[in-house]
Enquirer: 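Starting off with a structure, shown below.
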Amino acid sequence: MKRPYDHNAIEEKWTKEWEIHPVNVDDGKKPKYYCLDMFPYPSGNGLHVGHWRGYVISDVWSRYKLMNGHYVIHPMGWDAFGLPAENYAIKTGKQPAVSTAENVANIKKQIKQIAAIYDWDMELNTTDPKFFKWTQWIFEKLFEKGLAYEKEMPINWCPSCKTGLANEEVVDGKCERCGADVTKKDLKQWMLKITAYADRLLDDLDKLDWPEKVKKMQTEWIGRSYGAEVDFPVDGRDEKITVYTTRPDTLYGATFMVLAPEHQLAASLATDETRQAVDDYITFAANKSNVDRLQNKEKTGVFTGSYAINPMNGKKIPIWLSDYVLADYGTGAIMCVPAHDDRDFEFATKFDIPIVQVIAKDGKAIENMTEAYTEASGTMINSGEWDGMESAVLKKEAPHMVEKKGIGRAKKNFKIRDWVFSRQRYWGEPIPVIHCPDCGDVLVPEEELPLTLPEVEHYEPTGTGESPLAAIESWVNCKCPKCGKDSKRETNTMPQWAGSSWYFLRYVDVNNDKELVSKEKADKYLPVDMYIGGVEHAVLHLLYSRFWTKFLYDIGVIGFDEPFHKLFNQGMITGKNGIKMSKSKGNVVSPDDLVRDYGCDSLRLYELFVGPPELDSEWDDRGIDGVYRFLSRFWNLVQENKDRDVKETPELIKTRHQLIDTISGRLEAFSLNTVISGFMEFNNRLSKLEGGVDKATLETFAVLLAPFAPHIAAEVWEELGHDGSVFDEKWPVADKAAIKDDTREIGVQVNGKVRGTVDIAVDASKDEAINAAKAAIADKLEGKTIVKEIYVPGKIINIVVK
RNA sequence: GCCGACAUGUCGGAAUUGGCAGACGAGGCAGACUCAAAAUCUGUUGUAGGCAACUACGUGUGGGUUCAAGUCCCACUGUCGGCACCA
C-alpha cells in the first residue's frame, strides 16, 4: 500500500519511540566518542535558525560515529549565569534563578525539536549549586596553589555593565558584551595567573587538531617573544631603569629612553624646570580613554630632564615619557633605537632626537634616513666591539652577551596578562573567600561549599565597584573559619567564563557529589573528541578552558591536559545581506514554524544544504522547499518500489556503491552541503531507472540518510520490513571494485577547447584513445595539421593543431 | 598599517593531485493534470549572435606559466574576519 509523505505523523511517531528506546546506549564495550556542542546561554529570545545549524552539524556527526560502532557522548547543558538574567531582574524584580529556569525550559523545548541524540540524563546548568560547588572548588585549588590572587590595579571597567572586564573581553576598546567604551578604574580584583601557563598554552597548540585560524589567534594573543632585559643606570643617581627589548643587537643605537607615564620613576625623574610639564603629561595620559589611545596614534611625549647611561657605550641619553609605551607590558620602559624601529623613528623625528644607524643596509650607511630600517639583516656598524657582526646572528647572541657583561639578562615576554576574575555583579558564582582582619583572605571550608547566593531585593550594581551582594549584611558578615573573628565575605562574583571553563568534564558524571568528576569516568569518556561551536570564542572560552584543564591535570584531577582534541567552527547563519540575526534588526527566523510546516528532517537537511558548514550563509526561506521536495520524492520512490520485488542489476549494484562512496567521502571531508546534494543526485538517478529500484539499494539509501534525516530514514527502514532500528545498522562500506567503470566518457579538446566527447575503455592505450577521439571530431580537424596529441587517462584528450 | 579568508549564472552554491565550468537546489519561462488555483509531474534556463546542428565570449581586474588555469605564479581591486603602538 502506498502512503503519502506525512512528515508530522512520522516525526511524532519516532520522537515517542526514541523517548522509550534511545538509539545511543553505552554497552560498556563500544569505544567512546565525545562530540560536544558549545552549550548555549538560555536567552529569553529563544533559538533562531542560526543556533540550529551547529546543533545539526554535531548531531549528524554524532549519529555517524554511532553508526560506526561508537558509544557517543553527546550532552547538552546551560551556561546560565550572566547579565541578561540580572538585567531582566532589575527591570521586573523577578529573581534571576526563576527567570533562568523559565528560559531553560523554553529553550529545551526548542532544542528537542532538532531531534538530536542528546543524553538528557547528563544535562547540567552552571547556576545549579550542585554544579557551581565545583566551580568554587576549582577556585579554591587555584588559590591554594597561588594561582588566584588579589590585586589593586587599574582594570578595564565597563560603565554600562558597571563591572570589571578581562582583557579578552575588551574589543577595540569597547565592552565585548554591550559595546560601551571601556574605561580604567582602580579596583582591588581577583586575578588568575594564566600567565603561569603561557608557555604550555602556546606549545601545546601543536597537539591540537584545530582550525589554523584559531591556533593563530591564540598564538598572537599569548604573544611570546624572546629578547633581553637591559639595565640603564640613571645619570647622577643610584637607580637604574630596566627595559625589555627583542633587539639587543641594536643597543649601540639606543639614543633615548621612553617610560610609560604610569612608570614608578616617571614623576621622580622630573627636574625643577620640567616638573610642571611632566606632571601635566602624566595627568593628560591618565585621562586619555582606551578608545582615544587606540584611535589617535599621533605621538605625544615630554622630556623628563633626566638622562640615562647607555651601558654599551657609556653615552648619556635623554629620558622621555610617552603613552606609546605600555605600562603593563615588559618593564613599562623601553630603550629607543630610532634608526631601526618605526615608532622610535617617528618620535625621534618629531622631538629632534639624534638617530644613529647601527645596521648597514645593503652594506652601507643610509644618507638622509626617511624611515627606520627594521630588518635584522646587515652588518653592524657604529657598534664598538660588535662592528662587523651580522645582525641576525647578533640578535640571537646579544642576550647572552649582555648577561655576561652584567648589564642585563636573556628574557622572554608574553602579551597575555593575568585573567581579571571578579565581577561586581549579582548573578554569578560567589567567590568563596572570607576577609578576616587577622588572618587575611581565608577560603570558605570545602565542606561548606557550595556557597550560594542570597536572595536580594535590589539587583542593581552599585556602580562604585561593589557588587549588590555588599548590601546584604546578613550574608556579608560572617566569622573567620580559622580564628572565629568577625569577618566579611568577598562580595564579587565570578565572570561568566568560569562555569564554561570546565563544564565538559562534568557531563559524564553530573550527579557526583564527592568529586568534580570521578577519575574513572574522566579516563573513560574524556577528553572531548570533537567540539563544535562558533569562532567568536577563539581567545576567550577556548583559552580559559585549556588553562583550567591543564591546572586540573597538574593537581591530578584528570589525566589529560588538553580538553578538546578537534575543533570545528561553524559559520554563522545571517539574515539578508549578511546581517546578523537579531531581535532589534527584526530579521530573526524562528525554526518553530519551519518545523511545523516542513518537518524536522527537512529543516535539518536545509540547515546543511545552505552552504559549506564552516562559512557564513545567508538564510533564504524559499530554499527549504527544495529539500522538502527531495524527501517527498525519496519517500515516493520507496513507496513505489517496496512491494515490487525488483531484482538487483549490475547497474543498481554499481549505483548503490557509488552512493555509499560519494556520501561517505563527502561526510568524512565534512562537506555536508555536498552530501545533501549527493543524496538528491542519486535520488534523481534512481527515480529515472525504468526497471525500478531493488530493496537493498533503498535500504542502503535509508541507512546513509539516517544521520541527516533520522525520522524518515527510520520509517523507511521499517517500511522495508525491518523490526530493528536503522541506527543499529553498521555504516556501509563501498566496494571499490563494484564502482569501477569499464568505459568512461571523456572530453575531447582541440587546442584546449572542448569539441566533443568520446566513450573509451578505461584501459585503452594512447593510440586507441587518440584514434577514437579523432574519429569523434573528424570534422573539426579537417584541413588542420596536428602538432601534438595529449591523452590523460580518465580525464581528457587534447589535440593541438595548427 | 600588519596578518588571514574569500570573490563563479538572477540567487544559494558545485567542480580530488591543473583536465568537459555552472553539479544540486532556489527563482524564472513553457507545457501536462485541473472548471480553476495550489500541490505534483515534464521540458527549458550563463551571455551574445544564427535563434535549428553552430560560433564567439565567459569564474573580481591586468599580466604570466602550461597542450590545458576557477584552480598555479606576479601585480592590483573589492568584501569579510582577526590584530593593532607588545619595544
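Keep in mind it's a predicted model, so treat the numbers as computed, not measured.
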Enquirer: Distance criterion of 3.5 Å, no angle test: do you see the side chain of A:Lys216 paired donor-to-acceptor with the base of B:C3?
Expert: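 Answer is no: no donor-acceptor pair is held.
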Enquirer: Using a strict 4.0 Å threshold on nitrogen-to-oxygen distance, state whether A:Asp328 and A:Arg417 make a salt bridge.
Expert: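 Counted as a salt bridge, because a side-chain N and a carboxylate O are separated by less than 4.0 Å.
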Enquirer: Expressed as a whole number of angstroms, how long is the span from A:Glu614:CD to B:A14:P?
Expert: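 Going from CD in A:Glu614 over to P in B:A14 covers 8 Å.
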Enquirer: Regarding A:Glu745, tell me which of base, sugar-phosphate or nothing describes its non-hydrogen contacts under 4.0 Å with the strands shown.
Expert: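 Result for A:Glu745 = base.
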Enquirer: Give the nucleotide from the list B:A87, B:A14, B:G25 with an atom nearest to the side chain of A:Phe609.
Expert: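 Nearest to the side chain of A:Phe609 among the choices is B:G25.
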Enquirer: Does the distance from a Lys or Arg side-chain N to an Asp or Glu carboxylate O, for A:Lys396 and A:Asp249, drop under 4.0 Å?
Expert: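 Here A:Lys396 does not pair with A:Asp249 in a salt bridge, since their nearest N and O are not under 4.0 Å apart.
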Enquirer: Taking OP1 and OP2 of B:C54, is either one under 4.0 Å from a side-chain nitrogen or oxygen of A:Arg755?
Expert: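 The answer is no; no side-chain N or O of A:Arg755 sits under 4.0 Å from OP1 or OP2.
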Enquirer: Using the P atoms only, state how far B:C24 lies from B:C35, rounded to an integer number of Å.
Expert: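 Between the two P atoms, the distance is 34 Å.
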Enquirer: How long is the straight-line distance from CD1 of A:Ile797 back to CZ of A:Arg755, given to the nearest 0.5 Å?
Expert: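 A:Arg755 CZ to A:Ile797 CD1: 15.5 Å, rounded to 0.5 Å.
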Enquirer: Say you pick atom C1' in B:A69 and the same atom in B:C83; how far apart are they, in whole Å?
Expert: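 The same atom, C1', in both gives a distance of 34 Å.
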Enquirer: In whole Å, I'd like the distance from the CG atom of A:Asn798 to the C1' atom of B:G18.
Expert: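 Taking atom C1' of B:G18 as the reference, CG of A:Asn798 is at 13 Å.
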Enquirer: Who does B:C2 pair with, Watson-Crick or G-U, both distances under 3.5 Å?
Expert: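 Matched B:C2 with B:G82 under the 3.5 Å cut-off.
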Enquirer: If you only use heavy atoms from C-beta on, which nucleotide in B:A26, B:C67, B:A14 is closest to the side chain of A:Ile790?
Expert: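 Ranking B:A26, B:C67, B:A14 by closest atom to the A:Ile790 side chain puts B:C67 first.
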Enquirer: Which one, B:A14, B:G19, B:C24, comes nearest to the side chain of A:Met680?
Expert: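 The answer is B:C24, which lies nearest to the side chain.
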Enquirer: Please report the distance separating the C1' of B:C73 from the corresponding atom of B:G18, rounded so that it comes out in whole Å.
Expert: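 After rounding to an integer number of Å, I get 13 Å for this pair.
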Enquirer: Is there a Watson-Crick or G-U wobble partner for B:G70 with both distances under 3.5 Å, and if so, which one is it?
Expert: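 Answer to the pairing question: none, since B:G70 forms no Watson-Crick or G-U pair.
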Enquirer: Rounded to whole Å, please give me the gap between NZ in A:Lys788 and P in B:C67.
Expert: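 To the nearest whole Å, that distance equals 5 Å.
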Enquirer: Is the shortest side-chain N/O distance from A:Arg629 to OP1 or OP2 of B:U40 below 4.0 Å?
Expert: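 Yes.
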Enquirer: Assert yes or no for the condition that the ring centre distance of A:Tyr598 to A:Tyr606 is strictly below 6.0 Å.
Expert: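 A:Tyr598 vs A:Tyr606: aromatic centres not under 6.0 Å.
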Enquirer: Send over the distance from A:Ile796 CD1 to B:G19 C1', rounded to a whole Å.
Expert: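 Distance check: A:Ile796 CD1 to B:G19 C1' gives 5 Å.
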Enquirer: Any strand is fair game: report the nucleotide pairing with B:U47 by Watson-Crick or G-U wobble, both distances under 3.5 Å, or none.
Expert: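 Pairing partner, where one exists within any strand: B:A56.
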Enquirer: Does the structure show a Watson-Crick or G-U wobble partner for B:A75, both distances under 3.5 Å? Name it, or say none.
Expert: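 Matched B:A75 with B:U61 under the 3.5 Å cut-off.
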Enquirer: Describe the nucleic acid contact of A:Glu618 in one word from base, sugar-phosphate, nothing, applying a heavy-atom distance below 4.0 Å.
Expert: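 Nothing: the residue A:Glu618, judged by heavy atoms under 4.0 Å, touches no strand.
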Enquirer: Between B:C24, B:C20, B:A87, spot the one nearest the side chain of A:Leu326, thanks.
Expert: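 My answer, after comparing the listed nucleotides, is B:A87.
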Enquirer: Could you give the CD1-to-P distance, from A:Ile797 to B:C67, as a whole number of Å?
Expert: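 So the CD1-P distance, A:Ile797 to B:C67, works out to 18 Å.
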Enquirer: Would you classify A:Val792 as touching base, sugar-phosphate or nothing, given that sugar-phosphate means primed atoms plus P, OP1 and OP2, and contacts are heavy atoms under 4.0 Å?
Expert: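 Result for A:Val792 = base.
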Enquirer: Is the shortest heavy-atom distance from the side chain of A:Gln749 to the side chain of A:Ile799 under 4.5 Å?
Expert: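 A:Gln749 does not reach A:Ile799 side chain to side chain.
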Enquirer: Could you work out the separation of B:A52 and B:G58 based on their C1' atoms and round it to a whole Å?
Expert: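 Approximately 23 Å lies between the C1' atom of B:A52 and that of B:G58.
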Enquirer: Need the pair for B:A26. Rule: Watson-Crick or G-U wobble, both distances under 3.5 Å, any strand; none if unpaired.
Expert: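 Per the H-bond distance test, B:U10.
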Enquirer: Would you tell me if any nitrogen or oxygen in the side chain of A:Asn684 comes within less than 4.0 Å of OP1 or OP2 on B:G25?
Expert: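 Yes, A:Asn684 has a side-chain N/O under 4.0 Å of OP1/OP2 on B:G25.
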Enquirer: With C1' as the reference atom in both, quote the distance from B:U66 to B:C11 in angstrom, rounded to an integer.
Expert: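 Approximately 35 Å lies between the C1' atom of B:U66 and that of B:C11.
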Enquirer: Tell me whether A:Lys774 is salt-bridged to A:Glu789, with the criterion being a basic N under 4.0 Å from an acidic carboxylate O.
Expert: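 Result for this pair is yes, salt bridge flagged.
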Enquirer: Does A:Ser225 reach a base, just sugar-phosphate, or nothing at all? Heavy atoms under 4.0 Å.
Expert: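 If one applies the 4.0 Å heavy-atom cut-off, A:Ser225 turns out to touch the sugar-phosphate alone, with no base involved.
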Enquirer: How is A:Lys415 classified with respect to the nucleic acid when contacts are heavy atoms under 4.0 Å: base, sugar-phosphate, or nothing?
Expert: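 Result for A:Lys415 = base.
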Enquirer: Figure out the NZ/P separation between A:Lys411 and B:A87, and round it to whole Å.
Expert: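 That distance rounds to 13 Å.
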Enquirer: Map A:Asn636 and A:Gly626 onto RNA chain B by nearest heavy atom, then report which one ends up closer to the 5' terminus.
Expert: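 The 5'-side residue here is A:Gly626.
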Enquirer: For the P atoms, the ones on B:C85 and on B:G78, what distance do you get once it is rounded to whole angstrom?
Expert: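 These two P atoms come out 25 Å apart once rounded.
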Enquirer: Would you kindly say whether A:Asp344 and A:Tyr324 are connected by a side-chain donor-acceptor distance under 3.5 Å?
Expert: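 Short answer, yes.
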Enquirer: Side chain of A:Pro612: nearest nucleotide among B:A21, B:C85, B:A14?
Expert: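 Closest of the options to the side chain of A:Pro612: B:A14.
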Enquirer: Checking contacts here: which listed nucleotide (B:A14, B:C24, B:G82) is nearest the side-chain heavy atoms of A:Met217?
Expert: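 Among B:A14, B:C24, B:G82, the one nearest the side chain of A:Met217 is B:G82.
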Enquirer: Roughly how many Å is it from CG in A:Asn569 to C1' in B:G82, rounded to a whole number?
Expert: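 Nearest whole value for this atom pair: 13 Å.
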Enquirer: Would you please indicate if the ring centroids of A:Phe414 and A:Tyr329 are separated by under 6.0 Å?
Expert: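 Centroid separation for A:Phe414 and A:Tyr329: 6.0 Å or greater.
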Enquirer: Quick one: on RNA chain B, does A:Lys753 or A:Val748 contact a more 5' nucleotide (nearest heavy atom)?
Expert: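 Checking each residue's closest nucleotide, the 5'-ward one belongs to A:Val748.
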Enquirer: Using a heavy-atom cut-off of under 4.0 Å over every strand shown, decide if A:Asn673 touches base, sugar-phosphate, or nothing.
Expert: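 The answer is sugar-phosphate, as A:Asn673 gets under 4.0 Å only of primed atoms, P, OP1 or OP2.
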Enquirer: So, is A:Thr674 close to the B:G13 phosphate, meaning a side-chain N or O under 4.0 Å from OP1 or OP2?
Expert: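 No, outside the criterion.
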Enquirer: Kindly indicate, with the supporting measurements, whether the criterion side-chain contact (heavy atoms from CB on, under 4.5 Å) is fulfilled by A:Leu540 and A:Glu176.
Expert: CA-CA 11 Å; A:Leu540 286 152; A:Glu176 184 242 355; 3.7 Å; yes
Enquirer: Specify the glycosidic conformation (syn or anti) of B:G13, with syn defined as within 90° of 0.
Expert: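 What B:G13 shows is an anti base, its glycosidic angle lying more than 90° from 0.
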Enquirer: May I have the distance from A:Glu371 (atom CD) to B:C2 (atom P), rounded to whole angstrom?
Expert: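 In whole Å, B:C2 P and A:Glu371 CD are 12 Å from each other.
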Enquirer: Quick one: the side chain of A:Glu346 and the base of B:C85, do they pair up donor-acceptor inside 3.5 Å?
Expert: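 Looking at the base of B:C85, it does not pair with any donor or acceptor on the side chain of A:Glu346 (distance under 3.5 Å).
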Enquirer: Quick one: look up who B:U16 pairs with, Watson-Crick or G-U, both distances under 3.5 Å, and put none if it's unpaired.
Expert: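 Its partner is none (no Watson-Crick or G-U wobble pair with both distances under 3.5 Å).
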Enquirer: Say we look at B:U10 and B:U47: how far apart would their P atoms be, to the nearest angstrom?
Expert: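 One P to the other, the span is 7 Å.
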Enquirer: Check whether any side-chain nitrogen or oxygen of A:Tyr324 sits under 4.0 Å from OP1 or OP2 of B:A87, and answer yes or no.
Expert: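 Checking B:A87 against A:Tyr324, no side-chain N or O comes under 4.0 Å of OP1 or OP2.
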Enquirer: With sugar-phosphate meaning primed atoms plus P, OP1 and OP2, does A:Arg417 contact a base, only sugar-phosphate, or nothing at under 4.0 Å between heavy atoms?
Expert: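 The answer is base, as A:Arg417 lies within the cut-off (heavy atoms under 4.0 Å) of a base atom.
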Enquirer: Expressed in whole Å, how much space separates the C1' atoms belonging to B:U55 and B:G50?
Expert: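 The same atom, C1', in both gives a distance of 8 Å.
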Enquirer: Pick base, sugar-phosphate or nothing for A:Thr757, based on heavy-atom distances below 4.0 Å to the nucleic acid.
Expert: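 Base contact - A:Thr757 has a heavy atom under 4.0 Å of at least one base atom.
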